[in-house]
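Since the structure comes first, as structure tokens, the remarks are kept for the end.
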Amino acid sequence: MINPLQALPTDSAAVQKTVEVTKEAVTGLAHGDVSYLTQFLQQALTFCIEAGKTILVAVIIYIVGRFIVSILNKLVSNALDRRNLDPSIKTFAKSFVNILLTVLLIIAVVSALGVNTTSFAALLASFGVAAGMALSGNLSNFAGGLLILLLKPFRVGDFIEAQGFAGTVSEILIFNTVLKTPDNKVIYLPNGALSSGSITNYSREGSRRVDFTVSVEYGQDVEVAKKALLEIFAKDSRILTDPAPFVALAKMNDSSVDLTARVWVNSADYWGVFFDTQATIYAEFNKQGIGFPYPHLTINHIN
């Protein structure tokens, strides 16, 4: 264990001298001699001045160090931004450099306080072992972050679904990945669980398939409904022609005939096509007199 007195800028002889003077002052006061008190006050004043200088130096080192760390973080950030690197690697590297510089600053401040750096390093190593056992989850998160950067199941800007959450990846940090949901919530997912769990990446491929289920009443001409759907798809420039739109009778339910329609769009147009096409189908079917099914009850009156 580190002696707190080691943090002061006085050698062991000075500390021992202070202790002896304190004892003599107490003994002298007991016999009515104030000379020991004067000597004690002078010694205490010298001790406080030296300690104050050390603390002041440590404070200055901390303030200047924080300024230097801020400048170095900006330099690293600018250097990474100038290079054609993956945004995921950039955010991870920035976070790692910031933590490393902060640790070095803490060591410099502790050294300025007069703590033996060798003893401090041994204490830090012991603390690291204990912290490693207590924070094993964070270590797995760090390893998970490295795996994510290596295997690249997703990148910054991708829309993914994982761990029960869905959103756009805004940052990949050392321990967490940051998602921003469509309703503007920020979610932090641990990298350990993220790297070993299931991930759905909606942005990896350039195109996505939009599926529709359109129900019509029994008695309606299914071919007319299929033709109407294909005409709607042909008028929308966002819908790709390769692969071509597909429409088929999927199921005959108790009160409806269900048609399945599938079209391909660019990933960025998915939700726009999904919502707009449903509104267009409803308007066009009503215009052509194609009836939609709805629950109804027939009551037969028996005399």
For this session: Go through the steps for Phe292 and Asn286 under the test side chain to side chain contact (heavy atoms under 4.5 Å, CB included), then give the verdict.
Result: CA-CA 9 Å; Phe292 293 102; Asn286 282 331; 4.0 Å; yes

Cut-off 3.5 Å, no hydrogens considered: what does the side-chain donor-acceptor table look like for residues 263-273, sequence neighbours left out?
from, atom 1, to, atom 2, distance (Å)
Ser267, OG, Glu205, O, 2.9
Ser267, OG, Gly206, O, 3.3

Exercise. Between Asp258 and Ser215, is there a donor-acceptor pair closer than 3.5 Å when you use the side chain of the first and the backbone of the second?
Worked result: no

Exercise. With no hydrogens and no angle check, is any side-chain donor or acceptor of Thr102 less than 3.5 Å from a backbone partner on Asn98?
Worked result: yes

For this session: Drop me the distance from Leu72's CG to Leu105's CG, to the nearest 0.5 angstrom.
Result: 11.0 Å

Problem set entry | Atom OH of Tyr188 with >12 non-hydrogen neighbours under 6.0 angstrom | no

Problem set entry | Derivation and outcome, side chain to side chain contact (heavy atoms under 4.5 Å, CB included), residues Val97 and Asn73 | CA-CA 7 Å; Val97 169; Asn73 280 330; 3.9 Å; yes

Exercise. Do Gln163 side-chain atoms and Ala193 backbone N/O form a donor-acceptor pair below 3.5 Å?
Worked result: yes

Exercise. Between the main-chain N or O of Glu223 and the side-chain N or O of Asp221, is there a donor-acceptor pair closer than 3.5 Å?
Worked result: yes

For this session: Tell me, yes or no, whether the heavy-atom count around Tyr218 atom OH, taken from other residues, nucleotides or ligands under 6.0 Å, exceeds 12.
Result: yes

Problem set entry | side chain to side chain contact (heavy atoms under 4.5 Å, CB included) between Glu231 and Gln288, intermediate numbers included | CA-CA 12 Å; Glu231 290 176 351; Gln288 296 191 24; 4.3 Å; yes

Seminar exercise, completed: Output for pair (Gln278 CD, Thr213 OG1), nearest 0.5 Å, gives 9.5 Å

Problem set entry | Interatomic distance, Ile172 atom CD1 to Asp158 atom CG [nearest 0.5 angstrom] | 8.5 Å

Exercise. Once you round to the nearest 0.5 Å, how far does CG of Leu194 lie from CD1 of Ile148?
Worked result: 4.5 Å

For this session: Evaluate whether atom CG of Asp254 has more than 12 neighbouring non-hydrogen atoms of other residues, nucleotides or ligands under 6.0 angstrom away.
Result: no

Exercise. Which salt bridge (Lys or Arg N to Asp or Glu O under 4.0 Å) pairs, counting each pair once, include a residue from residues 167-190, with sequence neighbours left out?
Worked result: Asp183-Lys185

Problem set entry | Exercise: identify the closest heavy-atom pair between Ala225 and Phe285 | O-CZ, 3.9 Å

For this session: Verify, without hydrogens or angle tests, whether Thr277 (side chain) and Phe274 (backbone) share a donor-acceptor contact under 3.5 angstrom.
Result: no

For this session: Pick out which of Ile281, Val224, Thr280 makes a side-chain contact (heavy atoms from CB on, under 4.5 Å) with Leu229.
Result: Ile281

Exercise. Can you tell me if OH on Tyr62 sees more than 12 non-hydrogen neighbours from other groups inside 6.0 Å?
Worked result: no

Problem set entry | side chain to side chain contact (heavy atoms under 4.5 Å, CB included) between Ser255 and Asn253, worked out | CA-CA 6 Å; Ser255 58; Asn253 284 318; 5.7 Å; no

Exercise. Just by distance, do the side chain of Asn191 and the backbone of Thr177 share a donor-acceptor pair under 3.5 Å?
Worked result: yes

Exercise. Do the side chains of Val76 and Val69 join up, straight or via other hydrophobic residues, at under 4.5 Å, putting them in one cluster?
Worked result: yes

For this session: Return the set of residues passing ring pair (Phe, Tyr, Trp, His ring centres under 6.0 Å) with Tyr202 (not counting sequence neighbours), or none when no residue passes.
Result: Phe159

Problem set entry | Cluster overlap Phe212 with Phe275, hydrophobic side-chain contacts below 4.5 Å | yes

Exercise. Are more than 12 heavy atoms from other residues, nucleotides or ligands located less than 6.0 Å from atom CZ of Phe67?
Worked result: no

Problem set entry | Pairwise distance CG(Leu147) to CZ(Phe142) - rounded to 0.5 angstrom | 10.5 Å

Problem set entry | Spacing of CZ belonging to Arg209 relative to CG belonging to Leu240, to within rounding of 0.5 Å | 13.5 Å

Problem set entry | Single-linkage hydrophobic cluster Val210~Leu230, side-chain heavy atoms < 4.5 angstrom | yes

Problem set entry | Co-membership, hydrophobic cluster, residues Leu150 and Ile199, 4.5 Å side-chain | no

